[in-house]
Number of protein chains: 2
Amino acid sequence: MSTKPAVNGAHKAAIRQENEEQILAAAERVFADFGFKGATTARIAETANVPKANVHYYFSTKEALYRRIMEDVCDHWLEAAMTFDNSADPAVILRGYIEAKMDLSRARPYGSRLWAHEIIRGAKFSSEYISSTVKNWLDSRVVVIRGWIDEGKMDDVEPYTLMYMIFATTQHYADFGRQIEIFNNNKPLSDAQFAEAKENVVRIILKGVGLS
Amino acid sequence: MSTKPAVNGAHKAAIRQENEEQILAAAERVFADFGFKGATTARIAETANVPKANVHYYFSTKEALYRRIMEDVCDHWLEAAMTFDNSADPAVILRGYIEAKMDLSRARPYGSRLWAHEIIRGAKFSSEYISSTVKNWLDSRVVVIRGWIDEGKMDDVEPYTLMYMIFATTQHYADFGRQIEIFNNNKPLSDAQFAEAKENVVRIILKGVGLS
DNA sequence: TTTTAACCTGACCAAACGGTCAAGATAAAT
DNA sequence: ATTTATCTTGACCGTTTGGTCAGGTTAAAA
């Protein structure tokens with residue numbers, strides 16, 4: 001078929017990248033659906049449309065593949081985390097963060113569900129990452145929130161509880177998406193329904209902490 | 001050892017009950033920790049301190065054991081659900097329901113985590129139960145909330161979103177307990193910390209929907 | 001054109017899995 | 001005392017699993 005010459009082995013590199021991406025995407029889905037132990041390399045291979053042996057050609061073990069995907073998921077979450085700066089109005093910042101996390105649950109539900117699996121299982125692969133990178137990020141945001149409280153900009157709420165509430169509620173739309181779908185007469189939330197949910201979540205939380 | 005005579009085979013019945021309970025308790029833990037596929041009958045047997053073959057003597061298959069535990073978990077949840085009546089003051093009712101769910105997450109975290117596994121996996125064993133019993137319960141509570149809104153007792157929020165928020169936040173303390181523990185300097189929340197969290201969750205939600 | 005390095009994959013393997021079973025132990029009924 | 005019904009368990013089995021590997025194909029380099 002395509003016998004492009006391509007400078008300096010660009011074709012081979014493209015093949016590698018495309019296959020890796022295909023396998024990673026498939027693995028993210030399968031791990032999210034079945035958890036680490038429940039996911040089988042055969043199913044990942046089938047989903048990615050490659051022979052099973054090829055999965056092991058690109059990723060030495062199932063665990064290596066799992067770790068790689070966890071890293072990718074974390075990268076995306078830290079991006080969303082960056083919307084939580086500490087310069088502007090608390091209401092604007094919190095709204096932006098909640099909306100970013102809701103959007104991420106909608107756009108990348110598999111990542112969120114994978115994370116949920118990992119934590120429920122006891123965070124065996126990621127406890128180090130959580131206790132360093134994630135904890136540092138969380139603690140710094142708590143300081144910011146305590147600052148707002150001290151300045152009288154919002155109610156005196158326990159900041160960790162507030163953050164956990166935001167985590168839980170936003171990720172619920174990914175992790176428990178199937179349950180929400182069943183409650184919604186077996187139909188996934190429409191864009192309009194999701195937008196309404198997002199707006200309500202923002203409104204309830206902001207008002208709940210005295211920011212509206 | 002104990003050779004109590006016991007009227008009408010009471011001893012055998014007691015043995016049966018004790019073994020079943022031991023296996024059920026072990027299975028709830030193991031299923032919660034590893035999910036359906038990840039849990040092994042060998043591990044359940046080991047946790048219950050009985051030989052593997054004995055697990056199959058009392059519960060024909062792994063799936064039968066899983067279903068039985070799911071039923072038990074649901075029964076407990078419906079109990080908590082009953083605190084959500086529609087007679088009294090909305091703020092009192094919502095507070096009571098949220099507190100009951102928080103307490104359940106604290107007392108029976110394995111049940112909550114088992115449920116989370118089940119939903120993330122696509123609710124293959126329980127979609128029928130959710131779309132009938134649970135959905136009926138939820139829909140009737142939504143009607144109650146809509147009534148409160150129409151009577152001007154609370155803000156005009158989308159009732160399902162509010163309920164999902166309560167589900168997500170309260171269950172987060174069970175499902176993501178390990179993550180919370182890590183954030184809390186690798187120590188489980190103390191009773192005082194948990195009580196503070198519970199009070200904050202209630203306060204934020206009630207104020208958020210205009211009930212305080 | 002030849003060589004080399006990377007990619008591909010059907011066939012295979014040891015380990016772990018859910019589940020079975022025969023044979024023994026124990027307690028209730030006769 | 002004997003029979004009967006239930007409980008107990010080590011050993012076993014077919015299947016599925018993650019992972020390997022030899023031998024092939026393809027594309028880049030020489």
Side-chain angles (χ1 to χ4, degrees), chain A residues 1-24 26-28 30-31 33-70 117 121 124-125, chain B residues 1-24 26-27 30-31 33-69 117 121 124-125:
Chain A
M1 312 260 215
S2 70
T3 337
K4 294 272 182 68
V7 262
N8 228 357
H11 187 198
K12 274 275 161 79
I15 286 177
R16 174 160 217 110
Q17 194 189 337
E18 192 189 319
N19 278 335
E20 280 187 357
E21 278 171 10
Q22 214 155 344
I23 293 169
L24 283 169
E28 183 175 332
V30 176
F31 278 130
D33 283 344
F34 301 97
F36 177 71
K37 287 214 77 169
T40 67
T41 55
R43 189 170 208 120
I44 292 171
E46 189 191 358
T47 305
N49 270 311
V50 298
K52 197 183 74 164
N54 217 350
V55 172
H56 282 95
Y57 174 73
Y58 285 103
F59 301 92
S60 56
T61 65
K62 183 180 167 183
E63 185 177 324
L65 181 53
Y66 183 80
R67 285 182 183 279
R68 166 67 181 274
I69 290 173
M70 287 293 295
H117 267 299
R121 263 168 57 78
K124 290 179 180 67
F125 289 107
Chain B
M1 313 262 218
S2 70
T3 337
K4 294 272 182 64
V7 261
N8 229 354
H11 187 197
K12 274 275 160 81
I15 287 177
R16 174 161 217 110
Q17 194 189 337
E18 192 189 320
N19 279 336
E20 281 188 357
E21 278 172 10
Q22 215 156 342
I23 293 169
L24 284 170
V30 176
F31 278 131
D33 283 344
F34 300 96
F36 178 71
K37 287 214 76 169
T40 67
T41 55
R43 188 169 209 122
I44 292 171
E46 189 191 358
T47 305
N49 269 313
V50 297
K52 198 183 72 162
N54 218 350
V55 171
H56 281 95
Y57 175 73
Y58 285 102
F59 300 92
S60 57
T61 64
K62 183 180 166 182
E63 186 178 321
L65 181 52
Y66 183 80
R67 286 182 183 278
R68 167 66 181 274
I69 291 172
H117 267 298
R121 259 169 53 80
K124 289 179 180 68
F125 289 106

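Side chains are part of it too, since the values below use all heavy atoms of this structure and drop only hydrogens, waters and symmetry mates.
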Rounded off to whole Å, could you give me the [atom1]-to-[atom2] distance for the [X] and [N] pair?
{"X": "Phe59(A)", "N": "dT20(D)", "atom1": "CZ", "atom2": "P", "result": "16 Å"}
{"X": "Lys62(B)", "N": "dT15(D)", "atom1": "NZ", "atom2": "C1'", "result": "14 Å"}
{"X": "Gln22(B)", "N": "dT8(D)", "atom1": "CD", "atom2": "C1'", "result": "14 Å"}
{"X": "Ile44(B)", "N": "dG19(C)", "atom1": "CD1", "atom2": "C1'", "result": "13 Å"}
{"X": "Glu46(B)", "N": "dA16(C)", "atom1": "CD", "atom2": "C1'", "result": "14 Å"}
{"X": "His56(A)", "N": "dG19(D)", "atom1": "NE2", "atom2": "C1'", "result": "5 Å"}
{"X": "Arg43(A)", "N": "dG19(D)", "atom1": "CZ", "atom2": "C1'", "result": "20 Å"}
{"X": "Lys37(A)", "N": "dG19(D)", "atom1": "NZ", "atom2": "P", "result": "11 Å"}

Quick one, [X] and [Y] - any side-chain contact, counting heavy atoms below 4.5 Å?
{"X": "Leu24(B)", "Y": "Phe59(B)", "value": "yes"}
{"X": "His117(A)", "Y": "Phe31(A)", "value": "no"}
{"X": "Lys52(A)", "Y": "Glu46(A)", "value": "no"}

Looking at the side chain of [X], which of [options] is the nearest nucleotide?
{"X": "Asn54(A)", "options": "dG19(D), dC8(C), dC17(C)", "value": "dC8(C)"}
{"X": "Thr40(A)", "options": "dC17(C), dT9(D), dT17(D)", "value": "dT17(D)"}
{"X": "Ala53(B)", "options": "dG10(C), dT20(C), dG19(D)", "value": "dT20(C)"}
{"X": "Arg16(B)", "options": "dT6(D), dG19(D), dA6(C)", "value": "dT6(D)"}

Respond yes when some side-chain nitrogen or oxygen of [X] is under 4.0 Å from OP1 or OP2 of [N], and no when none is.
{"X": "Asn19(B)", "N": "dT8(D)", "value": "yes"}
{"X": "Tyr57(A)", "N": "dC7(C)", "value": "yes"}
{"X": "Lys52(A)", "N": "dT20(D)", "value": "no"}
{"X": "Tyr58(A)", "N": "dC8(C)", "value": "yes"}

- Task: Under 4.0 Å between any heavy atoms, over every strand shown, what does Ala39(A) touch: base, sugar-phosphate, or nothing? Just pick one.
- Result: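 Sugar-phosphate only.
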- What is the distance from atom OG1 of Thr41(B) to atom NE2 of His56(B), rounded to the nearest 0.5 Å?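 Rounded to the nearest 0.5 Å, the OG1-NE2 separation comes to 5.0 Å.
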- Whether Lys62(B) side chain and Phe36(B) backbone form a donor-acceptor pair below 3.5 Å: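 Side chain of Lys62(B) to backbone of Phe36(B), a donor-acceptor pair under 3.5 Å: yes, one is there.
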